[in-house]
Amino acid sequence: MPEFSDTIIRLFNGLEKRQATGEGGLLTGSNPSAFDASDPLRLWIIQVGVIIMMAQLLSLGLRRMRQPKVIAEVLGGILLGPTAFGRIPGFTQHIFPSQSLPYLSLVANIGLCLFLFIIGLEIDISIIKRNARMSAIVSLAGMALPFGLGSALSIPLYHQFIDPSVQFTHFMLFTGVAYSITAFPVLCRILTELKLLDTTVGIIVLSAGVGNDVVGWTLLALSVALVNAGSGLTALWVLLTCVAFTIFLLLVVKRVMLWLARATGSTDDGPTMFYMTVVMILLWACAFFTDIVGVNAIFGAFLAGIIVPREGGLAIALTEKLEDMVSIVFLPLYFTISGLNTNLGLLDNGITWAFTIAVACLAFLGKFGGCTIASRLSGFSWREAATIGSLMSCKGLVELIVLNIGLSAGILSQRVFSMFVLEALTLTFMTTPLVTALYPPERRIIATSGGAPPKTRDGEDADLDTDKKFLVNEEQPWRYRFTVVLDKLEHMPCMMALTQLVRPPVPDSSFTVVSTSVTSDPAPLKYRTPEVSISALRLIELSDRTSAVMKSSTADTLIHTDPLLAIFCMFGELNDLPVSTSLTIVPHDDLACSVVDHAKRDASQLILLPWLPSCASTAETSDSVTLRRERFDYNPFEVMFGTSRDKSASAMHSQFVRGVFAQSKTDVALFVDPGNHLNTGAKTGGLHHIFFPFFGGPDDRLALEFVVQLCANPKINATVVKMEKREIEHTQIERPSTAHSDDVKNDAKSFALPHQEGLAVSSILVFPDTVYGQANTQMRMQSETADSIIWSRYAGCNLLDSDIPGPLRTALSRINFTSLASPVPLHAAIQRASTNQRVLVVTGRSKRLAVEDHHAELKDIVEEHRAVGHEVMRKTIGDVATAFVVSGCASAAVVLQAANVGMQ
C-alpha cells in the first residue's frame, strides 16, 4: 500500500478538474477559511499558522523543563485535535475539515521524508565501530526484551481492541517494533543538553542508539513489507528487493557520491549548487523506489541520508541547509496530524486505562531492564547501568512515526493509537528528570583515551598536584595557567592581544648565571619559573538545530577542524606558547558554567574573556564623539525604551560574561575592546603604556598584581595611581613622584562637585550579578589593611633590596607609582590617563569592600559624553571601567575580578 504515491496520484486527479479561481475575496464577503479543492492554499496557510504558533507557545514552557521540542509539537496536535479544541463547535469544520487533510498530509509526508534523510545524515557508523562490543550487547538486549514484552502484550490488546479482520501477526510485529525502538535524534539532544557526550555512559548510549536505530528501521521495513504484501512469497520478494537496493546504494552509489563531492569541491567549501541538486534528486528517487516496491517512502529517504559522505563535514553542511524549514514547518505538520488522530477522550473506561498503564509500564521496564542488566554485565556500576537504561527508554518521535504508519495501514485502531501516543509522550518526558536524578554531575565519569584512568567531573588529574606549588604568592606574583575562551571570530583579536600581554616573563640567562654564582643572595634561588599552560576552550552554543547536535556528537573530530582553534593554535606556535585545545557544545544558559568547570578541572589561575561593548567609542576627542552621536547615532526612542545595542556585542553575550563573573571560583580577566585597537608600536618604538587607577578592594589588588606581571614584558611600562576621594575644603593632594604632579593637581581642582551620593547598597541590589557577603566594619578594615600592605609591597619597596626576586625587580622598575586625591576621582583618573595618546586601562570590576561610590560621578560622565546603553556596560564591567570606555580615552581595557571564594 504505497501511501505516498497514492496520495500524489489522487491530488493530481483532483487538479485536472480545477476551474479558474474566482476573483472575489475577503472584500466581497468570501470566507477565507472555506475549503476549496481547486485552491486549497488559503486554508493550508491558516492551518500552518495555527500549528506553528501552538507548537512554539508550548515549547516556551517545556524548554524551561529541559524537554525536547517534539513533546510540544505532539501536545499541540493533541490539543488541536478532538481531545481539546476539537470539542469547540465548528473548530474542526473550519480549521481542519476532513477534505483538507490529504493536502496537509502530503506536505507533512514530504517533510517526513526530508526529516528521515536528516536522520540518516546524523547516523555515523564509525561511532558503532569504536565501541562495538559493549554497544552491541546493550543494543541487542534493549531490543530483544522489549520486543518480547510487546509481543506478549499484543495478545490481550488484540482480543480487546483490534478488529478481527487485522491479522494478529501484523499487529504483533508493529507492537514489538514500537516497544523496541529508541528515538536516536531526541536521544542525541538529551545527551548534549545534559553534557553526557564525554562520559562513558554517553558514549555507550550514543553507540547503542545508532545500532538500535538501524535495526529498528530495518524491522519496521520488514513489518511494512509483510503488511503490504498479499502473501508470504510476495513479502519475501519485497524484502529481497530492498536488500539488493540497499547493497547497491552502499557499494556503488555511495562511492559515486564521494567522488562527485570531491570533484565539485563540496568536501572543502560545503555543498555546491550542483551537488545539492544531485542529492535532492537522489533523495526523492530513493523515496519513490521504496514506496513503489511496497515499503514506505521514508525508508528510501533514510538510506539516501546514510550514503551521503561525511568527509569534510559535508553531512553537517547539508543538514544546515535543510533543517530550518523541516523543523519549523514540516515536522510540526506531521506531528499535528498525529495529534489530530489522537483522541484521549476514547480512554474513557477502567479497562482502557488499565491497558494504557500496562503499555507504558511494560515499555519502560523492557527497555530499562534489558539495557540496565546488559550494562551491568558489561562492567558498569548499578548507577551507570540504570542511567543507560533510562536513556535508552526514550521514545520520542521515532515511535510516533511507527505508530502513524501502523494507523495508516489499518493495523492500529484509534483507541490503541491514542494509548501508544500517550505512552511515548510519558516515556520521553521522564527521560531527562530521571537521568538527572540517577546521574548527577558529581557522579559522572569522564571518558579518557590512551589508557588514562577515568576521573569524575570534580576530580583533578594527578599531574595537576605538582603544579599546585606554582600558585601565586608574595614572592611570585606571576600566573602561568590560563583558560582562554574562544566563542566568536570577531573576538579573536581580543584574545590574541590579551594572551600576548599576560605571557609570563622568560628567564634571562644572565640572571640565571648570577643566581648560581652569587650564593649570598638566596632570593633568586627561591624563584622558579614554571611552564606556561594555556588551555583554549572553544564554546559553541547548542541551538535547536539538528546540525548543532550533530556537531556535539562529532566533537572529537570537530576539535581538529574548528577554524577558531586552528587560528589560536597557529598564534601559539608563532609565539612559542604551548596551547591545549578543548571544545564544548552546550545551551546558552550553560556556557558560563562550562567555562567555570573547565577552569576548575584545569586548575587555571586566570580566565581570559573577550567582550565588545555595545556602546563602544572610538579614538576621537570628546567633542567630536558628542557631535557625531548628535548627528547620526542619537535616537530618542533608544533612550526612551533602552533598545540601543551594537551588532557586534549583544546583550546575550553580556549576560554570558556576567555569568562567568558570578560563578567563577577563579580569577577572571575581561578584555574590553571599545573599537580602538592597541597601538602596534609604529610610533612608540613598540612600547605599550598601561594606566591603572587603584581605588582599593580585592579586585583592585588583583589588578595591581596583574599590572606587575604585564610589566615583566620589556615592551610594556605602566602608571599606577592610588586614587583617594576628598572634599575640596579638606583636599591635601599628595605630591606625585612624576613630572605631571602640578598638572594633575590643577586638573583635580578644576572639576565640579558631583551629585549627592549614598547609593552603594542600591547599586548592588539593582544588579545582583555577583552577590557578595555582607560587609561589616571588620571586613572593611581588613580590606583596607590588605590594600595598604600590597601598595607598600610594590610601590614602597626598595629596588636595590637583594631579597626581591630579579624578575619582580625588573617589572617594578617599569612602573611609575603615584598618588592622587580629588573630589571627583573618576574625572581626575580620566584626565590623568588622557596624557597618553594610546593607553591600555586596567581596572578592578567591582567596588567590593571599597569606600568610594562612583555612581553619581559616572552619571555625570555619561551625560557629558551622551552615551547610550551604558547600563548594560556598567553591570558587566563596573563603574570605573565604564567611565574610561564611555570617555573614549582608552584604546582598550582589561577588567579583573578576584576569585569568588566565599561569596554567597
Side-chain angles (χ1 to χ4, degrees), residues 62-72 127 131 134-135 138-139 141-143 145-146 179-213 360-361 363-376 378-399 423-447 454 456-458 542 544 548-549 552-553 555 584-587 589-590 593-594 597:
L62 291 172
R63 186 181 296 120
R64 295 183 177 273
M65 303 170 64
R66 308 186 76 174
Q67 294 297 327
K69 189 179 178 182
V70 63
I71 295 182
I127 297 178
N131 306 275
M134 286 191 293
S135 62
V138 174
S139 180
M143 296 195 70
L145 183 59
Y179 261 44
S180 59
I181 205 76
T182 294
F184 177 72
V186 179
L187 185 61
C188 282
R189 177 163 295 279
I190 292 176
L191 288 173
T192 304
E193 291 183 348
L194 296 182
K195 293 184 282 188
L196 293 173
L197 283 175
D198 60 345
T199 63
T200 53
V201 169
I203 292 175
I204 295 303
V205 169
L206 192 64
S207 304
V210 172
N212 199 317
D213 219 28
C361 292
F364 176 75
L365 290 177
K367 275 288 184 182
F368 181 83
C371 295
T372 299
I373 295 174
S375 302
R376 178 57 181 163
S378 299
F380 288 93
S381 65
W382 278 113
R383 181 182 293 274
E384 294 171 334
T387 305
I388 293 174
S390 302
L391 287 167
M392 292 295 291
S393 64
C394 177
K395 297 296 183 179
L397 47 84
V398 178
E399 182 175 358
E423 167 261 328
L425 287 177
T426 303
L427 265 61
T428 305
F429 191 89
M430 287 173 50
T431 303
T432 298
L434 187 59
V435 171
T436 304
L438 287 174
Y439 207 46
E442 62 272 12
R443 298 276 188 171
R444 295 173 185 174
I445 306 298
I446 308 300
T456 61
R457 286 278 186 197
D458 295 334
L542 177 64
D544 293 333
V549 182
S552 63
S553 61
T584 180
I585 304 176
V586 293
D589 294 339
D590 295 333
C593 182
S594 298
D597 291 342

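Side-chain atoms of Ser180 and Glu399, non-hydrogen and from C-beta on, never get closer than 4.5 Å to each other. Annotation: side chain of Leu391 is in contact with side chain of Ile190 (closest heavy-atom distance under 4.5 Å). Residues Phe380 and Ile204 are in side-chain contact: their nearest non-hydrogen atoms beyond the backbone lie under 4.5 Å apart.
Taking every heavy atom of both residues into account, Thr428 and Cys394 meet most closely at CG2-SG, 4.2 Å. Between Lys395 and Ile181 the shortest heavy-atom distance is NZ-O, 3.2 Å. For Ser375 against Val138, the heavy-atom pair with the smallest separation is OG-CG2, 3.6 Å. The minimum heavy-atom distance between Gly370 and Ala141, with the atom names listed, is O-CB, 3.5 Å. Contact record, Leu427 with Ala360: CD1-O, 3.8 Å, taken as the closest heavy-atom pair.
For Thr584, the side chain to side chain contact (heavy atoms under 4.5 Å, CB included) test picks out Leu537, Leu539, Val586, Ser594, with sequence neighbours left out. Partners of Pro440 by side chain to side chain contact (heavy atoms under 4.5 Å, CB included), not counting sequence neighbours, listed by chain and number: Arg383, Glu442, Arg443. Residues passing the ring pair (Phe, Tyr, Trp, His ring centres under 6.0 Å) test with Phe364 are Phe368, sequence neighbours excluded. Residues forming a side chain to side chain contact (heavy atoms under 4.5 Å, CB included) with Leu425 (at least two apart in sequence, or on another chain): Ile71, Val74, Leu75, Ile78, Val421. In terms of the side chain to side chain contact (heavy atoms under 4.5 Å, CB included) criterion, residue partners of Cys593 (sequence neighbours excluded) are, by chain and number, Lys195, Asp597, Gln663. Under the rule for a side chain to side chain donor-acceptor pair (under 3.5 Å), the partners of Lys367 that lie at least two apart in sequence or sit in another chain are Thr182. Every residue two or more places apart in sequence or in another chain that forms a side chain to side chain donor-acceptor pair (under 3.5 Å) with Glu384 is listed here: Ser381. Taking the side chain to side chain donor-acceptor pair (under 3.5 Å) definition, one finds that Thr436 meets it with nothing, sequence neighbours left out. Residues satisfying the side chain to side chain donor-acceptor pair (under 3.5 Å) test with Thr387, not counting sequence neighbours, are none.
When atom types are taken as modelled, the side chain of Ser393 and the backbone of Ser390 share a donor-acceptor pair closer than 3.5 angstrom.
Here the rule is side chain to side chain contact (heavy atoms under 4.5 Å, CB included) with Val201, and of Leu191, Val435, Ile388 only Ile388 fits it.
Here Leu145 contributes atom CG and Leu365 contributes atom CG; the two are 9.0 Å apart, rounded to the nearest 0.5 Å. Between atom OH of residue Tyr439 and atom CG of residue Leu194 there is a gap of 12.0 Å, rounded to the nearest 0.5 Å.
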